[in-house]
Amino acid sequence: MQSTVRDNIVELISAGMRLAQQAGALPAFEIPHTIPIAPSQHAAHGDYGSPVCMGLARVLRRAPMQIAQAIAPHIPQSEFVSQVEVSPPGYLNFTLDAGWLAQQVPVILAAGESWGNLERKESERVQVEFVSANPTGPLTVGAARNAVLGDALAAVLDAAGYAVEREYYVNDHGSKSRKLAVSIYLSYAELWGSPVELDEPIYPGDYIAELAQELQAEAGRRYLEMERDTALAEIMEWGIQRVLAGVAADLARLRIHFDSWRHERSFYTGEPSLFAQQLGRLRETGHIVEKDGALWFTHPDLEKDAVLVRSAAVIADPESRPTYLASDICYLWDKLVLRDFDRAIYVWGADHHGDAPRVKAAAQALGIAPERVEIILYQLVTMRRGEQALRMSKSSGEFVTLREVIDEVGADSIRYMLLTRTADVTMDFDLELAVEQSDRNPVFYVQYAHTRIAGVLRHAAEQGWPAEVLGDSALLTHPSELALLRKMVAFPEVIALAANNLAPHHLPNYASELAAHFHAFYHNCYIVDSDPAAVELTRARLMLARAAKVVLARVLYLMGMDAPERM
RNA sequence: ACCCCCGUAGCGCAAUUGGAUAGCGCAUCGGACUUCUAAUCCGGUUGUUGUGGGUUCAAAUCCCACCGGGGGUACCA
């Protein structure tokens, strides 16, 4: 449980401002509630710098430089900051104390798997809902970015102290489920040599035939002998279960596991159903209009009304009349009122961006604060194998499954590659490049750092060093050691950064920097030295290596990647 | 037509969310293996942040207009 260095420095600054005022060095002013601070980009500026005095210049009617000079002497002494400097045009620069940095080695080792975790937030229950692909077939590669983003987001929020639940929303209500059932049924009937004519749309993929074969093996001729609607209802149930089992298995290969699976269908069962209740609520608050035989959701924030229940003239089957929005509204209530999550995070592809305002408006209409609904929109990925683009649409019947791609390039590469860019940029994922085991593949660079430490520790063990070697970390004074330490100590901040901005791409960026600092340390500082005079230094460096391994393993874990002992 | 995302070094991307001299990888050029894995390291080269205005002490970041690329605008699911 760490507070971040950054936060601690912010505390120092506000204490400095308070004390400077008390001492009369500055006129009275209100201390800003947020104090800007960022890691310095140049060594000459120390480790952290704050431009807060620039913003104060106007209110205090003084030059930023003067304000900084008035505050700096009043900034309290602390064990982790060795130097506070003022630099033009008015920055406050902080240098971390080298001794304190070295002392963080045993701290990190003691924290182990909890290193980087932030203080538990009281009553901040967060749900991350992701993937949520229609249960009408295997996951396609199209689901990959969603899966990876959502899972890393959940992991990072968990580390940031939130109580996180991962949820998969199962769209099992309406015509697509029927379509799945019909598809399986027809294929199944054909297997028995008694083809059925049914004028309904079906899914064309090969997986339908496979499901039909399974059904044949499990149920024999049973479904041919019963009434068609009953058969279809049962097959639907069976098919969805079967597809979801496959989805879960595929996701498990990506090391993704859901805490709960919420079925859309449950919103329409019970008396009164959740849907009926929400409809009533919206009607009372004047958000429902009836037009052309359909029910529409209306809200001042929306450019136009959105259909909630389609008219009988357009959709014959009553079960298929409610739209996605109708279910989304039930789901909002389910998440944020019935289950009382503080925040609901949705992970959506950019192709659904148009739905965001409707869901937000619906939340408002239901009396749910819209800030509690957070929608991560990520841009789409085009997958290709060299020159060839991969299909990812289920309705075409020809598509590349997520499973194939996982088998081809491995879960680690997929996760790292898809995580490394901000959700805002479109991506081009080349499988040929992802499997390439070369310098062009950053995945190995990071994992190799971990492996390399494991190798050093094995070597040390062979030389007779105990596995849990302890020593005096104060001996760590080499620039490469300190640079590595700075990176390691920054880890809690990276978690805060990624969690606060719902931006997991900071993880791989950090991982790669951390690995780079380890590799440099490895080259510049020989770790296991057989010289008797270097015994103490060897102990200290082995400690540092172990601690670096802890941090690497942590960041790899948050990304859902393996931290290999050997490669 | 409207809405959303993107445009940063030859290429792919960062930039703690409005802060200092815009960073990293690949590519490229030159170095480093008798010692813990060279899947590594060290050094060099690389920029009018798409264009034009504006706001600000301070803009890649915010606002306006335009240009280019992607996505979206059904009583489809």
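All of these numbers come straight from a predicted model, not from anything done at the bench. The chains referred to below are lettered A, B, ... by the order of the sequence lines, with proteins before strands, and numbering in each begins at 1.
Looking at Arg415(A), its side chain does come within 3.5 Å of a backbone N or O of Met559(A) through a donor-acceptor pair.
No close placement of the Tyr48(A) and Phe94(A) rings is indicated, their centers lying 6.0 Å or farther apart. Proximity of the aromatic rings of Tyr445(A) and His519(A) is defined here by a centroid distance below 6.0 angstrom, and this criterion is met.
As rounded to the nearest Å, U55(B) and C62(B) have C1' atoms that lie 8 Å from one another.
Across all strands shown, Arg321(A) has no heavy atoms under 4.0 Å from either base or sugar-phosphate atoms.
Taking the six-membered ring for Trp and thresholds of 30 and 60 degrees, Tyr522(A) and Phe518(A) have ring planes inclined between 30 and 60 degrees apart.
Regarding contacts with the backbone of C41(B), a side-chain N or O of Tyr445(A) is found under 4.0 angstrom from either OP1 or OP2.
For Asn171(A) against A77(B), no side-chain N or O and base N or O form a donor-acceptor pair under 3.5 Å. Counting atom types as modelled, Thr422(A) pairs no side-chain N or O with a base atom of A14(B) as donor and acceptor under 3.5 Å.
Of the nucleotides present, G72(B) is the one that pairs with C2(B) by Watson-Crick or G-U wobble criteria, both distances under 3.5 Å.
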Which atoms of nucleotides 43-48 of chain B (N or O only) lie under 3.5 Å from a protein N or O atom, and what are those distances?
none

Set out, line by line, the N/O atom pairs under 3.5 Å between protein and nucleotides 70-73 of chain B.
unit_1	atom_1	unit_2	atom_2	d
G71(B)	N2	His353(A)	NE2	3.3

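The side-chain tip of Lys487(A) does not point at the ring of Tyr510(A) from less than 6.0 angstrom away and within 45° of straight on.
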